[in-house]
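Structure first, commentary second.
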Amino acid sequence: MLKGKQVWVTVVALMLLGACTLFPGSSIAAGQFLNGSYGGKPYKLYVPEQYDSSRAYPLYVMLHGCTQDASQFSTGTKMNTLADEKGFLVLYPEQTSSSNSNKCWNWFEAAHQSRGSGEPAIIAGMVNSIKNDYSIQNEKVYVAGLSAGAAMSVIMGATYPDLFSGIGVGSGLEYKAATSMTGAFTAMSSGGPNPGTQGRLAYQAMSSRASALPVIVFHGTSDYTVSPVNGDQVITQWSVTNDLAQNGSEDGWMDDQPDRTENGAVSGGRSYIVNDYEGGDGKVWMKKVKVQNMGHAWSGGSSQGSYTDPQGPDASRMMWEFFHSFSGDDNGGGDETAPITIATPKGGTYSHPIEVELLTNEEADTYYTTDGSNPTVQSTLYSSPIQITDDTILTFFSQDRSGQKEAIKQEVYVINEGAPDDRITIASTPDEDGFSGKFIADGKGNDDIKVGDKGMYNIDTFRGILSFDTSVIENMTVESATIRLYTKSLTGTVPSITMDIKNGTFGSASIESGDYSASPSLTNITSFPTPATSSYIDVEIPAGAISQLNKNEKTQFKLKAETVAGFTANQAVFYGGGNGETSPTLIINGTN
């Protein structure tokens with residue numbers, strides 16, 4: 001007779017059936033994938049590339065299955081790429097091997113099935129921690145999972161209905177399908193207790209916070225690890241829970257009989273059946289997607305992850321579509337806001353031909369014309385800097401993947417080569433460029449301008465210093481100023497950099513250890529994203545900081561990186577002075 005650990009090893013062995021080969025890899029998405037911890041458990045947080053703290057975004061909480069971790073689950077579900085496309089954050093809590101030797105969420109233990117205790121309390125606390133640090137839409141927080149993670153997502157919905165707005169269940173089980181390890185084995189192979197009874201228990205767990213929740217279920221007909229009967233039981237359980245949550249009584253407001261059934265098929269892949277379950281208000285509160293001949297897997301996932309079936313319908317996208325259509329418009333949210341495009345340099349009068357770049361705050365297609373006419377999606381697609389050699393009216397707009405389109409913008413350029421050239425380019429001073437470390441042991445250096453951290457869970461280890469002799473503008477009325485920086489190397493993730501300005505020098509003109517903490521004239525005058533290696537960025541000095549340019553001596557700038565603590569170093573290194581065309585330059589426009 002199997003006992004204790006032997007039983008669980010058997011369970012896990014069964015759960016490995018149908019798993020795809022695991023290829024290590026990470027999301028190809030372009031945002032930030034950050035490490036963190038809460039309540040003794042690690043997590044990863046994906047912040048999409050267009051994240052703007054002035055706007056609020058949905059949050060998806062993704063709970064991995066046994067033997068998985070956050071990186072594998074993010075790769076397999078492709079949720080990070082979808083987050084960039086649609087505009088939401090993704091939190092991946094991780095189970096530890098010390099809590100479960102196979103990193104399974106302990107959904108089958110009574111200690112982890114109630115509000116305020118065990119793993120549900122930690123996951124909920126983790127979510128609230130993210131909500132404190134990021135701009136999250138309270139009414140758009142969703143939890144989904146695979147296998148053990150799916151069973152835990154059901155528990156999270158029942159115990160924290162005030163925190164979550166919807167539940168995604170991939171190859172999961174009903175609420176309290178088991179309360180022991182042996183019971184878990186039985187439930188996985190033949191289903192849990194009566195789902196009507198479990199539905200009432202879930203409603204009791206909701207207590208005074210009871211609220212009907214949207215639920216979407218995916219299950220393969222050939223799942224021999226978690227029997228398909230469990231998917232049916234999840235639907236029945238939630239039909240009872242939602243029926244009770246609506247008005248406190250079982251009056252048939254919702255039941256487990258589908259109101260609509262549709263057949264679908266993936267081109268070259270699997271067929272599937274979608275059942276819709278409506279409430280008394282006519283809304284589709286539940287969906288069940290039965291995937292023909294699919295085993296124990298995340299439907300439509302990437303083969304680079306574990307427990308995925310790329311031939312199935314895309315579960316991640318279907319979950320988003322379900323929750324998004326249910327919640328309505330994301331007023332003020334991430335994916336309903338049009339992109340923002342700027343032209344650099346801006347329109348004006350120039351004494352020579354120029355190159356104009358069109359930069360967007362998110363991934364989008366930019367269309368433009370140079371004859372003043374209004375552009376359309378049939379106009380020229382921007383792909384490289386635009387050469388302006390004559391008087392030009394540049395008109396442009398951008399459209400993102402979801403079809404959001406910004407208003408048409410216009411910049412007017414006048415090229416007057418007969419006018420005096422009131423543009424001055426000042427190269428940085430080689431012996432005065434460099435970086436300063438936070439502590440003596442972190443060192444200092446000339447030439448390379450380094451910002452970021454040294455890893456080992458440190459942040460803001462190195463700050464870069466730029467030095468320019470601005471006495472050449474003594475008799476000039478400065479109208480605008482721009483610093484051009486060339487990237488030499490990138491290590492880890494450095495999403496943004498902020499800049500201070502000093503009217504004069506931070507200490508002596510040469511690099512000193514004290515430059516790290518020396519007070520500037522103005523702090524955080526601007527911030528900018530880190531350009532790719534072998535690329536450059538033009539950083540415009542805000543109008544309010546131009547008065548700090550020292551017309552008699554030197555002006556220095558301090559660069560500070562925004563990074564996240566982790567073991568691996570996150571560093572950006574820019575070329576310093578004395579590096580020819582890649583040296584930093586200060587470009588001044590004005591009149592004498």
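Since the structure is predicted, the reported quantities are computational estimates derived from the model, not experimental observations.
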task: Please work out whether the ring planes of Y60 and F88 are parallel, tilted or perpendicular, with thresholds of 30° and 60°.
output: tilted
query: F73: what forms a ring-ring contact (aromatic ring centres under 6.0 Å, His included) with it, not counting sequence neighbours?
result: W298
query: Does T376 have any side chain to side chain contact (heavy atoms under 4.5 Å, CB included) partners at least two apart in sequence or in another chain, and if so, which?
result: Q378, S379
- request: Carefully, step by step, assess T308 and T77 under the rule side chain to side chain contact (heavy atoms under 4.5 Å, CB included).
  value: CA-CA 8 Å; T308 65; T77 60; over 6 Å; no
message: Working note: S496 + E562, criterion side-chain hydrogen bond (donor to acceptor under 3.5 Å, both in side chains); need CA distance, chi angles, decisive distance, verdict.
response: CA-CA 6 Å; S496 65; E562 300 289 339; 5.5 Å; no
query: For Q304 and T75, does a side-chain donor sit closer than 3.5 Å to a side-chain acceptor?
result: no
message: Quick check: closest heavy atoms across T563 and G452, and the distance to 0.1 Å?
response: CG2-CA, 4.4 Å
message: My understanding is that only residues two or more places apart in sequence, or in another chain, count here; which of them pass ring-ring contact (aromatic ring centres under 6.0 Å, His included) with Y516?
response: none
Listed partners of Y457 passing ring-ring contact (aromatic ring centres under 6.0 Å, His included), at least two apart: none
field: Side-chain touch I588/L549, heavy atoms, less than 4.5 angstrom
entry: yes
Point-to-point distance, once rounded to the nearest 0.5 Å, from CG of L394 to OG1 of T370: 7.5 Å
task: Work out which heavy atom in E479 is nearest to a heavy atom in I546; give both atom names and the distance.
output: O-CD1, 3.8 Å
field: Steps toward side-chain hydrogen bond (donor to acceptor under 3.5 Å, both in side chains) verdict (D469, S471)
entry: CA-CA 6 Å; D469 183 353; S471 62; 2.7 Å; yes
message: Quick check for you: to the nearest 0.5 Å, what is the distance between F468 atom CZ and I483 atom CD1?
response: 5.0 Å
- prompt: So Q68 and S306, side-chain hydrogen bond (donor to acceptor under 3.5 Å, both in side chains) or not? Walk me through it.
  reply: CA-CA 7 Å; Q68 294 182 314; S306 56; 2.9 Å; yes
task: Identify the two heavy atoms, one from I459 and one from K438, that lie closest to each other, and give their separation to 0.1 Å.
output: O-NZ, 4.5 Å
query: Can you check whether D433 reaches P584 side chain to side chain, under 4.5 Å on heavy atoms?
result: yes
- request: Drop me the distance from S583's OG to I449's CD1, to the nearest 0.5 angstrom.
  value: 9.0 Å
Donor-acceptor contact present, side-chain T487 to main-chain F574, <3.5 Å: no
query: Does NZ or CZ of K409 come closer than 6.0 Å to the centre of the six-membered ring of F396, within 45° of the ring's axis?
result: no
- prompt: Between E321 and K86, does at least one N-O distance fall below 4.0 Å, as a salt bridge requires?
  reply: no
Check: Q95/K41 side-chain N/O donor and acceptor closer than 3.5 Å: yes
task: Sort and list the pairs that fulfil side chain to side chain donor-acceptor pair (under 3.5 Å) and have at least one residue in residues 564-577, not counting sequence neighbours.
output: D453-N570
From CA spacing to verdict: side-chain hydrogen bond (donor to acceptor under 3.5 Å, both in side chains), E512, S508: CA-CA 8 Å; E512 297 176 333; S508 64; 2.7 Å; yes
statement: Sequence neighbours excluded, the answer for salt bridge (charged side-chain N to carboxylate O under 4.0 Å, His left out) partners of D515 is none
- request: Indicate yes or no: at least one non-hydrogen side-chain atom of Y92 is less than 4.5 angstrom from one of L45.
  value: no
field: Contact summary for S316 and L82, nearest pair of heavy atoms
entry: O-CD2, 3.6 Å
field: Partner residues of D460 under the salt bridge (charged side-chain N to carboxylate O under 4.0 Å, His left out) criterion, sequence neighbours left out
entry: R463
- request: Only counting residues at least two apart or in another chain, list the ones meeting salt bridge (charged side-chain N to carboxylate O under 4.0 Å, His left out) with K454.
  value: D442
field: Least distance between heavy atoms, S153 atom then G168 atom
entry: OG-O, 3.3 Å
message: Quick check on the 6.0 Å ring-centre criterion: do Y367 and F397 meet it?
response: yes
task: Hey, could you give me the OG/CG distance between S398 and L359, rounded to the nearest 0.5 Å?
output: 9.5 Å
Pairs of donor and acceptor atoms involving the side chains of residues 498-507, under 3.5 Å and at least two apart or interchain, shall be tabulated with distances.
{"from": "T498", "atom 1": "OG1", "to": "K560", "atom 2": "O", "distance (Å)": "3.4"}
{"from": "D500", "atom 1": "OD1", "to": "T523", "atom 2": "OG1", "distance (Å)": "3.0"}
{"from": "D500", "atom 1": "OD1", "to": "N524", "atom 2": "N", "distance (Å)": "2.7"}
{"from": "D500", "atom 1": "OD1", "to": "K560", "atom 2": "NZ", "distance (Å)": "3.3"}
{"from": "D500", "atom 1": "OD2", "to": "K560", "atom 2": "NZ", "distance (Å)": "3.3"}
{"from": "K502", "atom 1": "NZ", "to": "S519", "atom 2": "O", "distance (Å)": "3.3"}
{"from": "N503", "atom 1": "OD1", "to": "N550", "atom 2": "ND2", "distance (Å)": "2.9"}
{"from": "T505", "atom 1": "OG1", "to": "G507", "atom 2": "O", "distance (Å)": "2.7"}

message: Donor-acceptor check, side chain of T360 to backbone of E362, threshold 3.5 angstrom: yes or no?
response: yes
message: For the CD1 atom of I473 and the CD1 atom of I424, what is their distance to the nearest 0.5 Å?
response: 7.5 Å
task: Would you mind telling me which of F323, F164, W320 makes a ring-ring contact (aromatic ring centres under 6.0 Å, His included) with Y142?
output: F323
statement: Sorted by chain and number, sequence neighbours left out, side chain to side chain contact (heavy atoms under 4.5 Å, CB included) with S383 holds for none
query: Is any side-chain heavy atom of I497 less than 4.5 Å from a side-chain heavy atom of V539?
result: no
message: Tell me every residue that passes side chain to side chain contact (heavy atoms under 4.5 Å, CB included) with P385, counting only those two or more places apart in sequence or in another chain.
response: E355, E357, Y382
- request: Kindly indicate whether the side chain of N446, heavy atoms from C-beta on, has any atom under 4.5 Å from the side chain of F435.
  value: no
- request: Heavy atoms only: give me the nearest L63-W105 pair and the separation to one decimal.
  value: CB-NE1, 4.0 Å
field: From OH (Y307) to CG (L146), nearest 0.5 Å
entry: 8.5 Å
message: Side chains of T96 and S99: any donor to acceptor distance under 3.5 Å?
response: yes
- prompt: Residues two or more places apart in sequence or in another chain: which of them pass salt bridge (charged side-chain N to carboxylate O under 4.0 Å, His left out) with E411?
  reply: none
- prompt: Under 30°, 30 to 60°, or over 60°: which ring-plane class applies to Y51 and Y57, parallel, tilted or perpendicular?
  reply: tilted
message: With heavy-atom distances below 4.5 Å as the criterion, would you say the side chains of D391 and I415 are in contact?
response: yes
- request: Report the C-alpha separation of V90 and N80 in whole Å, then their side-chain angles, then the decisive distance to 0.1 Å, and conclude whether the side chain to side chain contact (heavy atoms under 4.5 Å, CB included) test is met.
  value: CA-CA 7 Å; V90 193; N80 291 358; 4.2 Å; yes
- prompt: Are T366 and L381 side-chain neighbours, meaning at least one heavy-atom pair lies under 4.5 Å?
  reply: no
query: Heavy atoms, side chains only, cut-off 4.5 Å: are E432 and K554 in contact?
result: yes
